[in-house]
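Computation of the quantities below employed the complete heavy-atom set of this structure, encompassing side-chain atoms and omitting hydrogens, waters and symmetry-equivalent molecules. None of the values given here were measured: they were computed from a predicted structure. Throughout, numbering of the chain's residues begins at 1 and tracks the sequence.
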Amino acid sequence: KCDYSVGDVVGRSVIYVSAGKMLGGNSAFAHIGTYREVDGEIIAEVAGQRHNPDPNFRTLYGSDTATINIRGRAQTHNAYSFEGGTSQAPGAVFRAVMKRLDDEDSPAAGTIGVGGIVNGLYSVHLRILDGVDGGLTGVMLLHDGRILGGDAFFYYLGSYTSAAGRWKGHLLNQEHTASTGQYPVFGGHEVGIGFSGTCDGDGAELEAIALAGKRSLRLTAVLKLLEQA
């Protein structure tokens with residue numbers, strides 16, 4: 001997870017870092033970037049992309065598409081600190097701390113056939129059915145049968161299979177930051193979700209059953225491809 005701030009504007013997201021790419025986001029924004037390591041320093045460029053039009057989610061620099069240049073170093077074996085900024089707002093310093101999340105619960109990857117869902121970073125907008133007030137938005141990274149993703153409070157680990165325009169799978173939604181007051185349906189629970197649906201080159205839809213504590217909830221979700229991976 002990544003906690004960050006610019007002045008009095010603060011945010012939190014999840015981000016996947018591997019092989020020179022940074023892909024992640026939260027309930028309103030996707031983060032897409034690249035990085036390189038030089039003499040123990042990490043030099044990165046990360047662009048923001050809004051996927052949720054809700055104005056209650058503030059931008060860091062007053063722009064939905066700001067590109068931030070950052071530099072950082074490891075502080076411990078699983079934590080990194082960064083500073084940087086953007087030419088769009090000279091003097092407004094971006095600061096961030098990135099901490100590794102536990103992925104021991106990640107299941108084995110599923111199989112992908114012809115016509116399966118495209119590897120990439122997706123926005124996901126989830127709606128609860130049966131008259132229950134609530135839902136989630138975030139980002140989901142799909143890659144060769146594995147699911148990673150999340151938002152400012154949760155992270156996802158799961159697996160899927162896909163072929164011929166269909167996909168199905170399961171994932172575990174877990175908190176990385178306490179959310180009971182923000183999301184009462186999911187807060188304080190590890191939520192198991194089984195799903196199935198359709199997919200094409202632009203995104204996917206799904207129907208799911210979620211087990212949150214003793215509650216069983218029906219869900220639907222729409223995924224939109226933001227960046228191929």
Side-chain angles (χ1 to χ4, degrees), residues 1-49 57-61 66-86 89 91-109 121 124 136 138-144 146-159 171-183 186-191 227 229:
K1 73 170 182 174
C2 184
D3 291 274
Y4 51 85
S5 64
V6 176
D8 65 344
V9 182
V10 299
R12 189 186 311 110
S13 61
V14 292
I15 193 160
Y16 173 73
V17 180
S18 179
K21 286 189 174 182
M22 307 178 82
L23 298 169
N26 54 33
S27 296
F29 297 93
H31 309 319
I32 300 169
T34 58
Y35 73 94
R36 56 193 173 94
E37 295 185 57
V38 180
D39 297 329
E41 184 177 43
I42 302 167
I43 303 170
E45 181 179 272
V46 183
Q49 180 179 338
F57 294 100
R58 298 176 62 187
T59 63
L60 288 176
Y61 288 103
T67 297
I68 303 172
N69 294 286
I70 57 175
R71 291 174 176 262
R73 291 181 179 273
Q75 301 302 307
T76 66
H77 72 284
N78 68 346
Y80 298 79
S81 62
F82 296 90
E83 284 195 3
T86 176
V93 179
F94 172 89
R95 294 183 173 88
V97 175
M98 188 186 302
K99 295 182 179 180
R100 183 182 175 95
L101 293 171
D102 182 11
D103 61 357
E104 291 183 356
D105 293 325
S106 185
L121 181 69
V124 55
L136 293 174
V139 294
M140 187 178 287
L141 178 64
L142 304 180
H143 192 271
D144 293 343
R146 289 193 67 200
I147 299 172
L148 301 168
D151 56 31
F153 295 96
F154 304 102
Y155 68 104
Y156 320 138
L157 298 172
S159 67
L171 61 91
L172 185 65
N173 180 70
Q174 303 173 82
E175 286 182 324
H176 59 68
T177 301
S179 64
T180 302
Q182 297 285 334
Y183 297 97
F186 296 99
H189 302 290
E190 288 190 351
V191 181
E227 179 82 3

Do [X] side-chain atoms and [Y] backbone N/O form a donor-acceptor pair below 3.5 Å?
X	Y	value
S13	D151	no
N26	R12	yes
T86	A89	no
E175	G188	yes

Problem set entry | Heavy atoms from other residues, nucleotides or ligands near CZ of R100 exceed 12 (cutoff 6.0 Å) | no
For this session: Applying side chain to side chain contact (heavy atoms under 4.5 Å, CB included), run through F57 and S27 and close with a yes or a no.
Result: CA-CA 8 Å; F57 294 100; S27 296; 3.8 Å; yes
For this session: Given side chain to side chain contact (heavy atoms under 4.5 Å, CB included), test K1 with F153 step by step and report yes or no.
Result: CA-CA 9 Å; K1 73 170 182 174; F153 295 96; over 6 Å; no
Exercise. Tell me, do M98 and M22 make a side-chain contact under 4.5 Å, heavy atoms counted?
Worked result: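 Yes; the side chains approach each other to less than 4.5 Å.
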Exercise. Should E190 and L172 count as side-chain neighbours, where that means a heavy-atom distance under 4.5 Å?
Worked result: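 E190 vs L172: side chains touch.
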On a heavy-atom basis, which atom in [X] and which in [Y] lie closest, and how many Å separate them?
X	Y	result
V6	A92	CG1-CB, 3.9 Å
G138	Y156	CA-OH, 4.3 Å
S159	A108	CB-O, 3.2 Å
P107	L157	CD-C, 4.4 Å
S5	V10	CB-CG1, 3.8 Å
A44	Y35	CB-CB, 3.8 Å

For this session: Could you give me the CA-CA distance, side-chain angles and deciding distance for F154 and L136, then say whether side chain to side chain contact (heavy atoms under 4.5 Å, CB included) is met?
Result: CA-CA 10 Å; F154 304 102; L136 293 174; 3.9 Å; yes
Problem set entry | From CA spacing to verdict: side chain to side chain contact (heavy atoms under 4.5 Å, CB included), R36, T34 | CA-CA 7 Å; R36 56 193 173 94; T34 58; over 6 Å; no
Seminar exercise, completed: The side-chain contact (heavy atoms from CB on, under 4.5 Å) partner of E45 among I32, T67, I68 is T67
Exercise. Do S81 and R73 have side-chain N/O donor and acceptor atoms under 3.5 Å apart?
Worked result: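 No, R73 and S81 have no side-chain donor paired with an acceptor closer than 3.5 Å.
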